[in-house]
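What follows is one structure encoded as structure tokens, with my remarks underneath.
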Amino acid sequence: MKELLLEIKRLDRFFGGLQAVRDVSFSVLKGMVKAIIGPNGAGKTTLFNLISGYLKPHSGSIIFREQSITGCKPHRIAELGISRTFQTTKLFLQMTVLENVMVGRHTKTNSEFLSALLNLPRTWREEKQIKEKAVEILEILSLTDIKDEYAANLSFGQQRWVEFARALALEPELLLLDEPAAGLNIYETQEIADLILKIREWGITILLVEHDISMVMDISDEIIVLNYGQKFAEGKPEDIQKNPEVITIYLGEDNA
């Protein structure tokens with residue numbers, strides 16, 4: 001039986017009078033690709049922001065590896081092993097690709113502020129190790145040719161890949177992918193789908209929000225359907241495809 005990695009229990013989040021996430025519960029087992037789908041405004045990104053610490057829930061709990069991370073700061077959640085990407089890429093545009101990926105290692109450093117300020121040998125060693133790991137990740141993703149390019153000069157598709165590299169630099173146990181195929185053409189989308197499956201082979205669990213239904217059905221082990229902030233359905237891709245209510249509220253609409 002697979003290990004329980006993430007457990008969401010009765011999560012609620014309000015924005016004024018709007019309840020963006022309403023009584024949502026689900027679990028994610030280690031080693032799976034689990035997708036969250038739903039129409040625009042269904043609460044998908046809000047849910048990701050709650051899990052990654054960018055928002056605090058008004059009620060409910062988030063358990064990661066049997067430890068509560070409810071209301072924790074993003075940096076603490078990252079330290080525990082949860083990394084994420086965003087709907088719109090959030091790279092440092094005036095930094096190189098290599099520097100952006102090195103930033104993703106920030107939770108792996110031990111040097112204190114004074115050591116860094118004085119540029120002590122311990123800081124040099126850590127910087128060298130961070131750079132070596134970043135280069136290794138870029139090699140794995142076949143991005144070494146652009147490692148010295150500034151992020152501002154990259155195509156949108158290239159920026160997506162660099163954001164993946166930066167998220168992987170954290171060496172996460174759980175990777176949250178927020179619409180990784182958004183804005184990509186059919187060929188780039190297939191490359192992203194292949195990359196997601198490769199990441200799972202590396203032992204990283206994936207929670208995915210995505211509008212490309214074909215991609216979701218192809219790569220997911222389980223799917224959650226959100227509607228108006230509530231969990232409407234959950235199951236294997238083939239079950240979700242056959243669910244007439246899901247087809248009515250989502251798959252049959254021009255929202256995918």
Does any pair with a residue in residues 89-103 pass salt bridge (Lys or Arg N to Asp or Glu O under 4.0 Å), and if so which ones, sequence neighbours excluded?
-> none
Any pair with a residue in residues 45-55 that passes salt bridge (Lys or Arg N to Asp or Glu O under 4.0 Å), sequence neighbours left out, goes on the list, sorted by first then second residue, please.
-> none
Those residues at least two apart in sequence (or on a different chain) that pass side-chain contact (heavy atoms from CB on, under 4.5 Å) with Ala42 are Pro39, Lys44, Leu226
For Ile186, side-chain contact (heavy atoms from CB on, under 4.5 Å) partners two or more places apart | none
Compute whether any side-chain donor of one residue and acceptor of the other, for Thr46 and Arg13, lie under 3.5 angstrom apart.
-> no
Side-chain touch [X]/[Y], heavy atoms, less than 4.5 angstrom:
X      : Y      : result
His211 : Asn40  : yes
Ile82  : Pro172 : no
Leu195 : Ile199 : yes
Met95  : Val103 : yes
Leu141 : Leu168 : yes
Leu177 : Leu175 : yes
Glu127 : Met102 : yes
Leu207 : Arg84  : no

Does the pair Glu163 and Asn100 meet the rule for a side chain to side chain contact (heavy atoms under 4.5 Å, CB included), with working shown?
-> CA-CA 8 Å; Glu163 191 171 46; Asn100 267 281; over 6 Å; no
Got more than 12 heavy atoms from elsewhere within 6.0 Å of CD, Glu238?
-> yes
Is the number of heavy atoms from other residues, nucleotides or ligands under 6.0 Å of Lys30 NZ greater than 12?
-> yes
Rounded distance [0.5 Å steps], CE in Met215 versus OG in Ser220 = 8.0 Å
Nearest 0.5 Å, what's the CG-OG1 distance between Asn153 and Thr96?
-> 11.0 Å
Scan residues 12-50 for pairs that pass ring pair (Phe, Tyr, Trp, His ring centres under 6.0 Å), counting only residues two or more places apart or in two chains.
-> Phe14-His58
Taking all non-hydrogen atoms of both residues into account, name the closest pair between [X] and [Y] and its distance.
X      : Y      : result
Val97  : Leu138 : CG1-CD2, 3.7 Å
Val246 : Ala233 : CG2-CB, 3.7 Å
Leu11  : Ile62  : CD1-CG1, 3.9 Å
Gly43  : Val21  : O-CG2, 3.9 Å
Lys34  : Val28  : CD-CG2, 4.1 Å
Leu93  : Gln159 : CD2-NE2, 4.1 Å

Is there a donor-acceptor contact under 3.5 Å from the side chain of Glu210 to the main chain of Ala181?
-> yes
Is the backbone of Pro180 close enough, under 3.5 Å, to the side chain of Arg160 for a donor and an acceptor to pair up by distance?
-> yes
Show me the donor-acceptor pairs within less than 3.5 Å that the side chains of residues 143-151 make with the rest of the protein, sequence neighbours left out.
none

Sequence-distant partners of Glu136, salt bridge (charged side-chain N to carboxylate O under 4.0 Å, His left out), two or more places apart = Lys133
Summary of side chain to side chain donor-acceptor pair (under 3.5 Å) pairs that have at least one residue in residues 59-69, sequence neighbours excluded = Asp12-Ser59, Arg65-Glu173, Ser68-Thr70
If a pair satisfies side chain to side chain donor-acceptor pair (under 3.5 Å) and one of its residues is in residues 196-205, list it, with sequence neighbours excluded.
-> Arg200-Asp221
Consider only side-chain heavy atoms of I, L, V, M, F, W and Y, link residues closer than 4.5 Å, and tell whether Trp161 and Ile206 are in one cluster.
-> yes
Please tabulate, for side-chain N and O atoms in residues 187-194, each donor-acceptor pair with protein atoms closer than 3.5 Å (sequence neighbours left out).
unit_1	atom_1	unit_2	atom_2	d
Glu188	OE1	Asn185	N	3.0
Thr189	OG1	Asn185	O	2.9
Gln190	NE2	Asp194	OD1	2.9

Pick one: which of Asp212, Ile213, Leu208, Ile224 meets side chain to side chain contact (heavy atoms under 4.5 Å, CB included) with Ile37?
-> Ile213
Partners meeting ring pair (Phe, Tyr, Trp, His ring centres under 6.0 Å) with Tyr54 (sequence neighbours left out) = Phe86
Ring pair (Phe, Tyr, Trp, His ring centres under 6.0 Å) partners for Phe156, two or more places apart | none
Any ion pair linking Glu132 and Lys128 (charged N to carboxylate O, less than 4.0 Å)?
-> yes
